[in-house]
Amino acid sequence: MEQEQIIAKNFIQQQIIDDLAEGKNGGRIHTRFPPEPNGYLHIGHAKSICLNFGTARKFGGLTNLRFDDTNPTKEETEYVDSIMEDVRWLGFDWDERLFYASDYFDKLYEFAVKLIIEGKAYVDFQPQEVISEQKGVPTRPGIDSPYRNSLPQENVELFAKMKNGFYNEGDCVLRGKIDMSSPNMHMRDPLMYRILKQPHHRTGDKWCIYPMYDYAHGQCDYWEGITHSICTLEFEVHRPLYDWFIDQLKDSDYRPRQIEFSRLNITYTVMSKRRLLQLVKENYVNGWDDPRMPTICGLRRRGYTPESMRSFSDMVGITKVDGITDVAVLEYCIREDLNKRAQRVMGVIDPIKVVITNYPEGLVEELDAVNNPEDESMGKRKVPFSRELYLEREDFMENPTNKFYRLSVGREVRLRYSYFIKCTDIIRNGEGDIIELHCTYDPETKGGNAPDGRKVKATLHWVAVAQAVKAEVRLYDRLFTDPDPAGHKDKDLLEFLNPDSLKVLSECYIEPFVKNGKPLDSFQFERLGYFNIDPDSTSNQMVFNRIVSLKDGFKK
RNA sequence: UGACCCGUGGUGUAAUUGGCAACACGUCUGGUUUUGGUCCAGAAGAGUCCAAGUUCGAGCCUUGGCGGGUCAACCA
C-alpha cells in the first residue's frame, strides 16, 4: 500500500505523512510512551497510549515503552508494574522495547561532560533562590550567574565531584549555558543535573546526581531512534530546549521531533495525578482502583472494556484545542460495546415481593430466556418461575401518571419470558407502607404471548424468590457535581464532591445464572443497565458494580 | 504589560491545492420491539471569536484586535 493513500485522522498523522514524503529519518516511524512511574495511569494516559501505539501501527512503525525515572524521590517499582499491566490490558505491546531513562544515566553523564568541555554547561554553586532570582521573569531578561564563565576544565572536575558525592544536596547544580535573556524561560541556562542523595528504584545508590526531564528526554528519544516524540501541550515551550540538546547531540540526518497535543479532560471528573492522589490519600475514594476513578484500573474494575476505551480514544480525536469532553461520550462507548456482547440476565435491585395468588404452590417452571438478542449464537438459558417473585419497586405505581404504563392495581403487564399478570391487591404494614403485591396470572400467556392477541404496554423483569441470588449492588454516580470541578480559580474542587457518588444496595436479587460468573464478568441486567462482578465478591456474598445504566427513554 | 499555543452547533472533531460547513455524542419527533434498551427514519441546533484586506469566491491566506491557555519547580 502506498503511503500517500493513507488518510490522516489528525494533524499528527498528517505531519507523519509529510515527513515520510520528505524522506525524513529513512522512512522510519518510531514513537514512545514515556510515563513517569510515580502513580497510576488514567484515561488521559490511555488516550496517549492509543495515540502512540496506534499511530505507529498505522504507519508500520514501532513504539517503545519507556519509564521516565529521573526523579528517585517519587518513583516506585509498584507503579512500573501497574503501568505495564494497564498498557497490556489496553491491547498494546512494546515487545522487547522496554526502556528506562535510568538506562541512559551513563551516556547522559558523558554527554554532559562533553557539553562542559565545549563550554556549553557549567556548575553553579548558588542557592536555589538566587538562581531563580537571576532567571528573572518572562517579561524581563535574566542576569548571568557568576559561575557562568568559569573554565571548562574546572567544571569537568567540579561535575565529577558532584557525581562522586563530594557535595550535599542543594550545594550545586549543572546548568546548560544557553541564553539568559531568552524570552523563553526554559532557555535561561536550564538545570541539567541536581544532587539527590536518594536511592533509585533501579540504580540503587550508584548515583547521587540525577538528570532533569529536559536534559534527559530528548536524548533518550535520540538514542532509541524515536522519530516522533508526542507529548501534551504544556511541553510546547520546552521544545526549543529539546531541540537545542538534540542539536548538540546529533551526528546524522536523523532527528527526533517533539509534537504536542491537548490533554484529555472529561466532564464531572479530574484528570491530574496530583488531584487523583489527593482523592486517594484523603479517602474521598477507596483507592486508585475505586470504580469512580478515571484511572485505568478504576475503569477496569468499573467494567469498562479495552475496546470501549480504544473507541473512546478514537472518538475524542487529537488536536491542540483545550477542551472538555462530555462524559456521555465515554458512556456511549461502553454501552455500544456491551450491548453487542453482554450476557442478559434479570436482576431486581430494589425489590418488592409479589405473590401470584392463582399459581400453584411449590411449582417451579424453568422458562426459556434469550442470552443476548444482539447475538443469537449466545443461545438461551432457563430461568426459574414460581408463585413468589420479586419485582422492581419502581415498576409499580399506586396512582399511575398517564405516562406510566407499568404495573398498578387492575392493570395487566407481561413478566419477561413468562406470563401476563394482573395486580389485584396491595398489602401494607402497620405504617401503611406497601410491602407486598398480590397478582393473578393468565396460564394461557406462557412464554409471554396471549393466544387472543391482546397486548400489554409493559414488560417487566423479575426473579423467583426461592431461587434468586441475594447480592450487593453498588451504584456509582459522577464524583463531582460540577462539569469542570478543577476549572474554578476561586473554588476548591472538594466543594464540588458529589456526596451521593456511591450508593450501596444490600438487598438485591439476581437470577441464579450469575453464580457461574467470575470477578469482572459483565452482564446486562435487563431494563436496568450493565453490571459486573466486583473483585470483592465471594461465594456467599456476590457484589456487583453498575457500570452504566441503560439509556432511559422514559420521560416522567 | 515578554514569548509561544489555541478559538468551527450544547460537547468532541471534519472540511485535498481557497469552492454549497460534514460526522459523532447529546437533545427532540416518529416507527419497530417480549428490555421505555437495541435498531430504523427524521428534526432542531453553528455560518466558523471580531474587523478590515487579498480574491470571482475565505473556516482555510494577510494584518490588526478580542478571548482562552501555557511558561518564571533542584517535578515530569
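Quick note on labels: first sequence line is chain A, next is B, and so on, each numbered from 1. Since the structure is predicted, the reported quantities are computational estimates derived from the model, not experimental observations. Below, all heavy atoms of this structure are taken into account, side chains as well, without hydrogens, waters or symmetry copies.
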_Just to be sure I understand the geometry, which residues of residues 34-51 of chain A put a non-hydrogen atom under 4.0 Å away from RNA chain B?_
A:E36
*With pairs defined as Watson-Crick or G-U wobble and both distances under 3.5 angstrom, please note down RNA chain B as a dot-bracket string, | for pairing with another strand.*
.((((((..((((.....[..)))).(((((.......))))).....(((((..]....))))))))))).....
_Nearest-nucleotide pick for A:Q524, side chain only, options being B:rU35, B:rC71, B:rC6_ = B:rU35
*Could you tell me whether A:F261 and A:F11 have their ring centroids closer than 6.0 angstrom?*
no
*Residue pairs passing the side-chain hydrogen bond (donor to acceptor under 3.5 Å, both in side chains) test where at least one lies in residues 322-332 of chain A, sequence neighbours excluded*: A:Y332-A:E336
Between the protein and nucleotides 23-33 of chain B, which nitrogen or oxygen pairs come in under 3.5 angstrom?
from	atom 1	to	atom 2	distance (Å)
B:rC25	OP1	A:Y332	OH	3.4

*asked:* Test salt bridge (charged side-chain N to carboxylate O under 4.0 Å, His left out) on A:D314 and A:K47; report intermediate values, then the result.
replied: CA-CA 8 Å; A:D314 270 359; A:K47 174 179 170 178; over 6 Å; no
_I need the full list of side-chain hydrogen bond (donor to acceptor under 3.5 Å, both in side chains) pairs touching residues 136-146 of chain A, with sequence neighbours left out, sorted by first then second residue._
A:D124-A:S145, A:Q126-A:S145
*Would you confirm whether the ring centroid of A:Y390 sits within less than 6.0 angstrom of the ring centroid of A:Y509?*
yes
*Nearest listed nucleotide, side chain of A:R344, among B:rU35, B:rA76, B:rG12*: B:rU35
_If you assign A:L528 and A:T139 each to the RNA chain B nucleotide with the nearest heavy atom, which residue ends up on the more 5' nucleotide?_
A:T139
*Please state the C1' separation for the pair B:rU55 and B:rU63 - nearest whole angstrom.*
16 Å
*A:Y104/A:W223 aromatic ring centres below 6.0 Å*: yes
*Taking only residues two or more places apart in sequence, or in another chain, which ones meet A:E234 in a side chain to side chain donor-acceptor pair (under 3.5 Å)?*
A:T232, A:R263
*May I ask you to say what A:L415 touches in the nucleic acid, namely base, sugar-phosphate or nothing, with a heavy-atom cut-off under 4.0 Å?*
nothing
*So what does A:H238 hit on the nucleic acid, given a heavy-atom distance under 4.0 Å: a base, only sugar-phosphate, or nothing?*
base
_cation_pi(A:R202, A:Y100) dist<6.0 Å, angle<=45_ = yes
*Using a heavy-atom cut-off of under 4.0 Å over every strand shown, decide if A:G170 touches base, sugar-phosphate, or nothing.*
base
*A:Y441 ring center near A:Y419 ring center (under 6.0 Å)*: yes
*Do any of residues 266-278 of chain A sit with a heavy atom less than 4.0 Å from RNA chain B, and if so which?*
none
*At under 4.0 Å, does any side-chain N or O of A:R406 touch on OP1 or OP2 of B:rU35?*
no
_salt bridge (charged side-chain N to carboxylate O under 4.0 Å, His left out) partners for A:E365, two or more places apart_ = A:K446
*May I ask you to say what A:M346 touches in the nucleic acid, namely base, sugar-phosphate or nothing, with a heavy-atom cut-off under 4.0 Å?*
nothing
*A:R194 vs B:rC75: side-chain N/O to OP1/OP2 distance below 4.0 Å*: yes
*asked:* Could you check whether any side-chain heavy atom of A:H201 comes within less than 4.5 Å of a side-chain heavy atom of A:E76, counting everything from C-beta outward?
replied: no
*asked:* Testing A:E392, A:R416, A:E526 one by one against A:H461 for a side chain to side chain donor-acceptor pair (under 3.5 Å), which residue passes?
replied: A:E392
*Touch class at under 4.0 angstrom, heavy-atom based, for A:Q126 against every strand present*: base
_For A:E376, salt bridge (charged side-chain N to carboxylate O under 4.0 Å, His left out) partners two or more places apart_ = none
*cation_pi(A:R411, A:F396) dist<6.0 Å, angle<=45*: no
_Touch class at under 4.0 angstrom, heavy-atom based, for A:S132 against every strand present_ = sugar-phosphate
Atom pairs and distances, side-chain donor-acceptor, residues 265-272 of chain A, under 3.5 Å, sequence neighbours left out:
from	atom 1	to	atom 2	distance (Å)
A:N265	ND2	A:G323	O	3.1
A:T267	OG1	A:V327	N	2.8
A:S272	OG	A:R275	N	3.1

_With sequence neighbours excluded, residues passing side chain to side chain contact (heavy atoms under 4.5 Å, CB included) with A:D205_ = none
*Determine the Euclidean distance between corresponding C1' atoms of B:rA46 and B:rA21; express it in Å to zero decimal places.*
9 Å
_So if I take every side-chain heavy atom of A:V321 and compare against B:rG12, B:rG36, B:rU13, which nucleotide ends up nearest?_
B:rU13
*Between B:rG69 and B:rG12, how far apart are the P atoms? Round to whole Å, please.*
15 Å
*Looking at residues 228-235 of chain A, who's got a heavy atom less than 4.0 Å off RNA chain B?*
A:E234, A:F235
*For A:P240, which contact category applies under a 4.0 Å heavy-atom criterion: base, sugar-phosphate, or nothing?*
nothing
*Quick one: is A:T319 getting a side-chain N or O under 4.0 Å of the B:rU13 phosphate, OP1 or OP2?*
yes
